[in-house]
Amino acid sequence: MSEAVPLGGPRFQTEPACLYREMRRDHGSVVPVELDGGIPAWLVLGYRELHQVTGDPALFSRDSELWNQWENIPEDWPLLPMIGHRQPSILYTVGERHRQRAAMISNALESVDPFELRRQAERFADELIDTVCLSGEADLVAQYSSLLPVRVLAHLYGFPDDEGPGLVTALNDMIDGRERALAGQSHLASSVARLVADRTEKPADDVVSRMLADDSGFTAEEIVQDLMVMMAAGHQPTADWIGNSLRLMLTDDRFAASLFGGRNSVAEAMNEVLWEDTPTQNVAGRWAARDTHVGGRRVRAGDLLLLGLQGANSDPQVRTDASALTGGNNAHFSFGHGEHRCPFPAQEIAEVIARTGIEVVLDRLPDIDLAVPAGSLTRRPSPWLRGLTELPVRFTSTPALGGTSR
């Protein structure tokens with residue numbers, strides 16, 4: 001792949017939309033890319049092509065053991081947490097066993113009471129706002145959005161609340177895919193394994209206990225692996241969904257009403273982010289089960305195809321007027337597509353956490369405004385997840401609730 005585009009670098013941080021346009025212009029809807037260490041892969045940017053790849057699990061498999069590059073992957077490769085090898089989780093299970101596994105996870109998550117979920121999300125959100133509301137200024141990434149989802153999920157799953165900060169650090173290290181990635185994966189694995197062992201002995205009313213009670217015969221190790229996936233997929237994208245939506249509402253006049261009590265604008269801004277600034281930009285991936293063609297490219301058996309979710313969302317063949325609001329259109333790829341898409345109960349949980357997190361900010365800090373020029377806001381240097389490094393705001397100092405109900 002002499003023409004391959006490096007999947008990394010500052011442009012994924014500073015101007016990904018322009019970068020995807022250039023990739024599409026120069027290479028078409030399926031782009032040859034290089035991962036860390038010169039490892040070749042394909043990035044699928046076309047909406048139609050991504051629908052094809054995610055909708056045909058027989059030809060484009062989730063089984064990573066098919067990869068024709070494993071012999072070239074070192075043991076300390078920083079992307080191993082993103083592209084698992086011999087990992088017995090739902091991400092890499094295929095066929096009937098995958099369907100059983102997806103049903104087990106969906107059943108455990110469907111049992112979450114939506115009213116209790118919102119109550120817990122409000123409780124943790126209020127606690128976080130209480131720590132900053134007197135100061136009149138805050139970083140809504142470091143002090144709020146990066147902390148909220150994992151605290152809610154940890155409570156739902158059964159983790160002690162005091163493990164939240166360590167889990168946040170571990171998850172961020174994993175997802176950034178740099179030198180701390182493997183250490184973050186190790187911390188998350190040990191924390192989850194302790195929880196599963198404890199709930200095996202002492203079941204409780206939580207998601208982990210319901211997963212363990214499933215009668216499909218999954219091992220404790222499989223439950224551990226699935227919980228790691230659920231934590232990683234549930235926390236950081238939701239945190240970035242909150243941060244990206246708040247940024248949009250603070251910088252785009254189309255959503256100014258949301259800062260003054262209008263709640264319809266919150267949902268509109270959240271949906272707009274999923275189209276234009278989706279937290280999950282690119283996903284690894286699918287592996288070709290045999291030689292085939294996609295988007296005019298010859299793809300060989302065992303090739304890795306990365307799912308370019310943001311690139312497909314902005315495909316000019318489906319977004320002919322990128323300046324127009326998407327309204328209620330939810331035909332984006334931000335939650336994936338096909339039998340390996342994000343389970344609907346998990347999507348609903350993420351939406352409740354994100355919307356509650358945004359609404360608590362607007363309720364508690366009604367005159368909130370950016371504390372820096374909008375153009376100075378920066379993103380994490382990751383081609384995988386797109387989120388702000390910080391979101392400095394200022395507001396009129398308000399009293400803490402101190403645990404009282406709102």
Side-chain angles (χ1 to χ4, degrees), residues 88-91 93 98-128 130 147-168 170-171 187-239 242 335 342-357 359-360 401-406:
S89 78
I90 188 172
L91 283 182
T93 306
H98 174 269
R99 286 184 281 274
Q100 291 176 338
R101 204 159 188 165
M104 178 264 291
I105 292 174
S106 291
N107 290 338
L109 294 176
E110 279 178 349
S111 297
V112 173
D113 183 334
F115 299 102
E116 175 65 10
L117 170 62
R118 181 172 178 88
R119 192 180 73 82
Q120 293 299 333
E122 285 184 345
R123 176 171 73 92
F124 287 120
D126 277 328
E127 289 180 6
L128 291 170
D130 276 356
L147 304 176
L148 178 61
V150 73
R151 292 189 69 177
V152 180
L153 293 174
H155 179 84
L156 294 179
Y157 294 169
F159 285 100
D161 286 348
D162 60 8
E163 290 197 27
L167 290 170
V168 168
L171 288 163
H187 178 94
L188 179 62
S190 61
S191 299
V192 170
R194 285 195 303 271
L195 176 61
V196 170
D198 182 65
R199 287 298 182 262
T200 300
E201 295 295 324
K202 296 176 292 183
D205 182 18
D206 54 40
V207 169
V208 173
S209 298
R210 290 192 286 272
M211 292 172 68
L212 288 166
D214 189 89
D215 61 4
S216 298
F218 294 103
T219 66
E221 174 61 17
E222 288 174 311
I223 299 293
V224 167
Q225 292 290 335
D226 284 353
L227 279 167
M228 290 178 65
V229 170
M230 292 161 66
M231 289 292 289
H235 167 63
Q236 193 60 55
T238 307
I242 295 170
F335 292 102
C342 175
F344 283 107
Q347 176 180 333
E348 291 170 346
I349 287 171
E351 288 176 351
V352 170
I353 294 173
R355 180 160 184 166
T356 302
E359 290 183 348
V360 168
L401 294 180
T404 60
S405 60
R406 293 190 297 128

### Query
Are the side chain of Thr356 and the backbone N or O of Ile353 linked by a donor-acceptor pair below 3.5 Å?
no

### Task
For Arg101 and Glu222, indicate whether the former's side chain and the latter's backbone hold a donor-acceptor pair under 3.5 Å.
yes

Over all atoms of both residues, closest heavy-atom pair of [X] and [Y]:
X      : Y      : value
Val208 : Tyr157 : CG2-O, 3.1 Å
Arg199 : Ser209 : CD-OG, 3.2 Å
Gln100 : Phe218 : C-CZ, 3.9 Å
His235 : Val150 : ND1-N, 3.1 Å
Gly357 : Leu148 : CA-CD2, 3.6 Å
Ala108 : Met211 : CB-CG, 3.6 Å

### Query
Which is it for Asn107 and Arg210 under the side chain to side chain contact (heavy atoms under 4.5 Å, CB included) test, yes or no, and what are the steps along the way?
CA-CA 8 Å; Asn107 290 338; Arg210 290 192 286 272; over 6 Å; no

### Query
Just wondering, are more than 12 heavy atoms of other shown residues or ligands nearer than 6.0 Å to CG in Asp205?
no

Could you tell me the separation between the [atom1] atom of [X] and the [atom2] atom of [Y], rounded to the nearest 0.5 Å?
X      : Y      : atom1 : atom2 : answer
Leu212 : Thr200 : CG    : OG1   : 4.5 Å
Ile242 : Glu359 : CD1   : CD    : 11.5 Å
Phe124 : Leu147 : CZ    : CG    : 11.5 Å
Asp113 : Arg118 : CG    : CZ    : 13.0 Å

#### Entry: NZ/NE/NH1/NH2 to OD/OE distance under 4.0 Å, Arg119 and Glu116
yes

### Query
Is the shortest side-chain N to carboxylate O distance from Lys202 to Asp198 below 4.0 Å?
yes

Are side-chain heavy atoms of [X] and [Y] found at a separation under 4.5 Å?
X      : Y      : result
Glu163 : Leu195 : no
Arg123 : Gln120 : yes
Asp226 : Met104 : yes

### Criterion side chain to side chain contact (heavy atoms under 4.5 Å, CB included) on Leu128 and Arg151, from CA distance to verdict
CA-CA 10 Å; Leu128 291 170; Arg151 292 189 69 177; 3.6 Å; yes

### Query
Among Leu153, Leu156, Leu109, which one satisfies side-chain contact (heavy atoms from CB on, under 4.5 Å) with Met230?
Leu109

